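These notes concern the structure reproduced below.
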There are 2 protein chains.
Amino acid sequence: MRNEERRERLRTALIDAAERTIAAHGLSALKARDLAKEVGCALGAIYTAFPDLDALILAVNLRTLALFDRAIAEVRLAPEPEGPATPAEREAAIDTLVRLAVAYLHFAASNPARWRALFQHRMTGALPDWYLVEQGRLFHAIEAPLRVLRPDLSETERALLARSLFSATHGLVSLGLDEKLMALSERVLRGQIETVVRALGKGLARE
Amino acid sequence: MRNEERRERLRTALIDAAERTIAAHGLSALKARDLAKEVGCALGAIYTAFPDLDALILAVNLRTLALFDRAIAEVRLAPEPEGPATPAEREAAIDTLVRLAVAYLHFAASNPARWRALFQHRMTGALPDWYLVEQGRLFHAIEAPLRVLRPDLSETERALLARSLFSATHGLVSLGLDEKLMALSERVLRGQIETVVRALGKGLARE
DNA sequence: CGGCGTCGTGAACGTTGTTCACGAGCGCAT
DNA sequence: ATGCGCTCGTGAACAACGTTCACGACGCCG
């Protein structure tokens, strides 16, 4: 079917345009009419490719998550020791946690509008599967060093703790970059994140 | 002037109605027309009391901040030791940090819609003074125990660290209560917050 | 009692996202 | 080649929103 191909072309063209708009002017600048004008299609055509604008935003967010995945790929490469952890290995695990958090900050600071769109977007119903899968990837990266620091935790407890560490880091980045609380430079913010995450790792480590 | 009094009456009536709506159905349910119908005034009358709906939301948020202030009043009462801190005093300081964080969680969980409105609202320009004043109150409550844990820090460094601790806690509460990441019960979330904040305090403490 | 000023009124405007009756374009059979 | 039918994009129309503004009612003072 030629038809399916055209639909797919429209889909990617729409995602491209939406991504450009969001990256340049933020999520609130995304208008259906502007979008149609930019990709050279009719207003209604958008709704033949996506059920609504939310779905389009979700597609853009998937790309952002993929970008972020590549951004923390090297940090994830850290080798995972086995057996009882030496003090040096514990230090290395804490360093990995810090590097992950700093990588998160750096990504958010480098792609502010794209990153904001991930969270500004108010989910109506349940999130799609692929969204959760992509999220899980990040959490797994956090769980690895946690396994070194806290081998006593069950898999479930560790997963929960990983989510909490992410949430704390997200709070630092989110309120730090938003001028809502106070605008901090990425430099200062990195210092704070290093301090906090390192303290967290130190305090969590089982001695 | 009888006139001024009527204006003030309208103001409080509007804030009352807006607060009820936000608390019951969330910020997105606040519509100018519904509001006018509820307080029994004309649509345009709203704009004689407030420049726009944002200002009205800000007024509701002020009430929320006052509510929160009362909620953490007792935690703030903790006495502040002087001179070099004993290990027991350091433990007490960490406990205070944990209690503050748990109080924050409890407030957010008890007033979910009101609390969300504080952050969902996108600030256009600079925030009003009273907003910053109210924020400062919370940060001072965090700085007190930090003074015990880290007497070596300068006033500026401590203020920065206090904001970072708040940000981390906010992240835990925000992503924990939102079903964005995964919906956690207040019970589970409290356990996570206690773990994380305690680890933070432990890791931060200068030995 | 009449003129004048003040202030709420609600119809109207500009922007949204979303829908749907129409018609253009294409393939196939006659 | 011509007519028929089906499919799918089109863009005018709709509903809901925040915000504005010309009008008219009401009250006060001369």
Side-chain angles (χ1 to χ4, degrees), chain A residues 1-22 24-61 113 116-117 120-125 128, chain B residues 1-22 24-61 113 116-117 120-125 128:
Chain A
M1 285 270 184
R2 181 85 185 180
N3 207 342
E4 284 305 316
E5 187 187 329
R6 276 229 297 226
R7 183 102 97 200
E8 205 53 40
R9 253 192 230 289
L10 181 59
R11 270 187 68 92
T12 64
L14 282 172
I15 299 177
D16 285 345
E19 191 177 17
R20 277 195 301 271
T21 302
I22 289 176
H25 304 37
L27 190 54
S28 61
L30 192 72
K31 318 284 180 193
R33 285 167 179 78
D34 296 349
L35 213 54
K37 189 154 292 185
E38 184 152 342
V39 305
C41 75
L43 186 56
I46 295 175
Y47 298 89
T48 68
F50 294 94
D52 51 28
L53 287 194
D54 269 13
L56 175 56
I57 293 169
L58 230 56
V60 173
N61 282 350
R116 266 193 181 92
Q120 276 182 11
H121 185 226
R122 213 111 193 95
M123 300 302 172
T124 54
Chain B
M1 284 272 185
R2 182 84 186 175
N3 207 342
E4 283 305 317
E5 187 186 329
R6 277 229 297 228
R7 183 101 98 202
E8 205 51 42
R9 253 192 231 291
L10 180 60
R11 269 186 69 91
T12 63
L14 282 171
I15 299 177
D16 285 344
E19 192 178 17
R20 277 196 301 271
T21 302
I22 289 176
H25 304 34
L27 191 54
S28 61
L30 192 72
K31 319 285 180 190
R33 285 168 179 79
D34 296 349
L35 214 54
K37 189 154 294 186
E38 185 153 343
V39 305
C41 74
L43 185 56
I46 296 175
Y47 298 90
T48 68
F50 294 95
D52 51 27
L53 286 194
D54 269 13
L56 175 55
I57 294 170
L58 230 56
V60 173
N61 281 350
R116 265 196 183 94
Q120 277 183 10
H121 186 225
R122 241 189 123 66
M123 302 301 173
T124 56

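Lettering of chains follows the sequences in order, A, B, ..., and the numbering in each one begins at 1. When reading the values below, keep in mind they use all heavy atoms of this one structure, side chains included, and skip hydrogens, waters and symmetry mates. Here the structure is a predicted model, which means the values were calculated and not measured.
A:I46 places its CD1 atom 19 Å from the P atom of D:dC8, with the value rounded to the nearest Å. Taking atom OH of A:Y47 as the reference point, atom P of C:dA21 lies 18 Å away to the nearest angstrom. At whole-Å resolution of the value, CG in B:L30 and P in D:dG18 are 7 Å apart. Atom-to-atom, CG of B:D34 to C1' of D:dT19 comes out at 16 Å; the value is rounded to the nearest Å. In this structure, CG of B:L10 is placed 10 Å from C1' of C:dG8, rounded to the nearest angstrom. Atoms CG (B:D52) and P (D:dT20) sit 8 Å apart, rounded to a whole Å. Between A:R6 atom CZ and D:dG9 atom C1' there is a gap of 8 Å when expressed in whole angstrom units. Atom NE2 of A:H121 is separated from atom P of C:dG17 by 12 Å (rounded to the nearest Å).
For A:K31, counting side-chain heavy atoms from C-beta on, the closest listed nucleotide (C:dG10, C:dG17, C:dT9) is C:dG17. Across D:dA12, D:dT10, C:dG8, the shortest atom-to-atom separation from the side chain of B:R7 is found for C:dG8. Comparing atom distances between the A:R33 side chain and each of C:dT16, D:dG11, D:dG18 picks out C:dT16 as nearest.
Minimum interatomic distance between A:Q120 and A:L27 (heavy atoms only, all atoms of both residues): OE1-CB, 3.7 Å. Minimum interatomic distance between B:F50 and B:A59 (heavy atoms only, all atoms of both residues): CE2-CB, 4.2 Å. Residues B:R11 and B:A49 share a closest heavy-atom pair of NH1-O, 3.2 Å.
Residue B:L35 is classed as having no contact, given no heavy-atom separation below 4.0 Å to the nucleic acid. Counting any heavy atom pair closer than 4.0 Å across all strands shown, B:L56 reaches no nucleic acid atom. Residue contacts for B:L53: at a heavy-atom cut-off of 4.0 Å it reaches the sugar-phosphate backbone alone, with no base atom in range.
Looking only at side-chain heavy atoms (C-beta outward), B:V39 and B:I46 stay at 4.5 Å or farther from each other. Inter-residue side-chain proximity for B:D34 and B:T21 is flagged as unmet; no heavy-atom pair is nearer than 4.5 Å.
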